[in-house]
Engineer: 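For reference, the structure I am asking about is given below.
Whatever order the structure lists ligands and atoms in, that order sets their numbers, starting from 1.
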Amino acid sequence: MGCLIIVGTQWGDEGKGKVVDLLTESADAVVRYQGGNNAGHTVMFGNKTYILHMIPSGILRETTSILANGVVIDLSELVKEINDLKKMGIDVDKYIRISDRAHLVMPWHKEIDQLREKKRGKSKIGTTGRGIGPAYEDKAGREGIRFGDLLDHEKLRTRLIELVKEKNIFFKNNFDTFQKLFSAEDIFYEYVEYIKKLESCIIDTPSLINKLIEEGKNILFEGAQGTFLDMDHGTYPFVTSSNTLSGNACIGSGIGPTSIKSVLGIVKAYTTRVGNGPFPTELLDNDGKILQSEGNEYGATTGRPRRCGWFDALLVRQAVRLNGINSIALTKLDVLDGFETLKIAIAYRLPNGEEYDNLPRSLENVKPVYLEMPGWKCPTAGAVKYDQLPDEMLAYIDKICELVGAKVSIISTGPKREETIVLNPDQF
Ligand code: IMP
């Protein structure tokens with residue numbers, strides 16, 4: 001395996017959590033390198049379902065789990081997640097490592113995120129309201145607080161006093177509906193309490209990761225969100241505030257690109273999106289409702305219903321290119337079990353009537369051109385062997401691979417670990 005990056009190829013929620021959990025069996029460490037608790041990775045095994053927002057899914061298999069420099073962390077939420085995992089009997093302290101360069105999501109970031117969304121009205125982005133955008137803004141604006149700063153209490157207190165003064169003025173000037181003021185002292189004492197329990201986990205993670213690489217260990221880099229929520233390559237401005245592409249695994253964890261062995265793209269057999277923004281294959285009819293209910297398409301972080309639509313081959317082909325994907329893991333095919341006919345978008349009709357088989361700069365107002373394929377109309381959930389799969393499903397899988405330009409290496413037939421068919425393990 002060496003260093004393997006796992007990325008979402010659509011708008012997130014492709015089923016990365018399950019695949020990461022599965023491959024962690026052969027991993028020595030799992031690294032989160034971007035995003036924050038806007039993510040929600042669902043993992044199911046035994047009779048239990050776990051939803052992780054910050055901590056890499058690897059923790060469930062008691063594997064070294066690293067929150068690298070590229071993530072933004074809401075400390076109070078992280079402490080809650082750690083406590084929940086401890087209650088389940090997982091020795092979190094032994095396995096979790098947090099970068100001293102990772103930035104904090106501060107209470108004002110969450111407030112700004114939510115107040116801005118209210119102000120945007122109809123043109124709101126539909127963020128998760130977790131303060132992710134404002135935290136990355138302060139990072140880029142060199143106004144952020146990093147985990148390493150929490151270790152020097154006196155400096156932290158001075159920094160908080162300066163920042164809180166500025167932020168309180170900012171709120172007064174920009175959001176007249178926001179009445180409360182932040183208190184540097186309250187935040188200081190709250191954070192010092194949290195950090196007492198975490199101090200030994202805050203380390204120089206690039207050194208740890210590079211040491212593991214030198215020792216020839218297997219490392220999984222767990223992407224959050226999906227390709228088209230990427231700040232540069234996604235459906236801007238309806239994106240998240242980090243780079244979700246595989247290239248950012250290097251920057252976000254402090255390793256060189258030559259260390260990466262392969263990239264596995266997670267592809268849902270249809271398309272979903274949470275929040276606002278263009279979605280050419282969205283289904284607003286009964287078929288969309290069926291995908292939503294059969295696929296249990298509700299956000300793991302906010303509980304919002306996900307918008308659902310047909311598979312879009314143009315999007316995933318672009319994701320294969322942008323991420324340098326070697327092979328794909330196809331998830332949730334069983335959700336399509338009941339359909340007579342399936343549709344795959346193979347081109348877009350632009351507003352001027354022109355047909356275009358590449359991704360235009362904007363996906364607003366494009367109409368998908370569909371290829372139709374017969375459905376398999378039989379239950380496939382839980383299949384564990386390739387030859388158990390119906391011919392129509394195999395044809396659908398082959399067509400997807402041909403259109404997106406990547407081999408399939410994993411087929412997921414249900415949410416549980418064992419509901420998986422591994423085809424080409426040499427690909428990752
Ligand atoms: P933010 O990341 O909270 O700023 O939200 C920006 C956009 O990304 C919104 O449309 C969110 O719904 C979407 N988003 C953020 N995280 C996830 C995720 O983990 N899965 C799917 N969508 C996400």
Engineer: Under a 4.0 angstrom heavy-atom cut-off, which atoms of ligand 1 come close to Ile125?
Structural biologist: 10 (O)
Engineer: Just to confirm my output: which protein heavy-atom neighbour is closest to atom 5 (O) of ligand 1, and how far is it?
Structural biologist: Thr127 CA, 3.3 Å
Engineer: Hey, is Gln225 one of the residues with a heavy atom under 4.0 angstrom from ligand 1?
Structural biologist: yes
Engineer: Does any pair with a residue in residues 231-262 pass ring pair (Phe, Tyr, Trp, His ring centres under 6.0 Å), and if so which ones, sequence neighbours excluded?
Structural biologist: none
Engineer: State whether Phe311 and Lys343 meet the cation-pi test: NZ (Lys) or CZ (Arg) under 6.0 Å from the six-membered ring centroid, and within 45° of the perpendicular axis.
Structural biologist: no
Engineer: May I ask you to decide whether Arg306 forms a salt bridge with Glu14, counting only side-chain N to carboxylate O separations under 4.0 Å?
Structural biologist: no
Engineer: Taking the non-hydrogen atoms of Arg304, is any one of them nearer than 4.0 angstrom to ligand 1?
Structural biologist: yes
Engineer: Is there any N or O on Asn38 that sits under 3.5 Å from an N or O of ligand 1?
Structural biologist: yes
Engineer: Short list, please: which atoms of ligand 1 are under 4.0 Å from a heavy atom of Trp11?
Structural biologist: 21 (C), 22 (N)
Engineer: Check whether any N or O atom of Ile132, backbone or side chain, sits under 3.5 Å from an N or O atom of ligand 1, and answer yes or no.
Structural biologist: no
Engineer: Please answer whether the main-chain N or O of Ile5 pairs with a side-chain N or O of Ser246 as donor and acceptor at a distance below 3.5 Å.
Structural biologist: no
Engineer: Considering only protein heavy atoms, which is closest to atom 3 (O) of ligand 1, and at what distance to one decimal place?
Structural biologist: Thr128 OG1, 2.6 Å
Engineer: What residue and heavy atom of the protein are closest to atom 10 (O) of ligand 1, and at what distance?
Structural biologist: Val274 O, 3.1 Å
Engineer: Run the numbers for me: atoms of ligand 1, each under 4.0 Å from some heavy atom of Leu229, listed by number.
Structural biologist: 8 (O), 13 (C), 14 (N), 22 (N), 23 (C)
Engineer: Between the side chains of Ser327 and Ser409, is a donor N or O closer than 3.5 angstrom to an acceptor N or O?
Structural biologist: yes
Engineer: Will you find, in the side chains of Tyr136 and Gln34, an N or O donor that is under 3.5 Å from an N or O acceptor?
Structural biologist: no
Engineer: If you take the nearest heavy atom of each of Thr244, Thr240, Thr302, which one is closest to atom 1 (P) of ligand 1?
Structural biologist: Thr240
Engineer: Under 4.0 Å, counting heavy atoms only: does Gly126 come that close to any atom of ligand 1?
Structural biologist: yes
Engineer: Per the salt bridge (charged side-chain N to carboxylate O under 4.0 Å, His left out) rule, what does the pair list look like for residues 49-66, sequence neighbours excluded?
Structural biologist: Asp21-Arg61
Engineer: I need the atoms of ligand 1 closer than 4.0 Å to a non-hydrogen atom of Val239, numbered in the order shown.
Structural biologist: 6 (C), 7 (C)
Engineer: Would you mind running through ligand 1 and noting each atom that sits below 4.0 Å from a heavy atom of Asp13?
Structural biologist: 20 (N), 21 (C)
Engineer: Give a yes or no on whether the ring-centroid distance for Phe171 and Trp108 is below 6.0 angstrom.
Structural biologist: no
Engineer: So, the side chain of Thr127 versus the backbone of Gly129: is there a donor-acceptor pair under 3.5 Å, distance only?
Structural biologist: yes
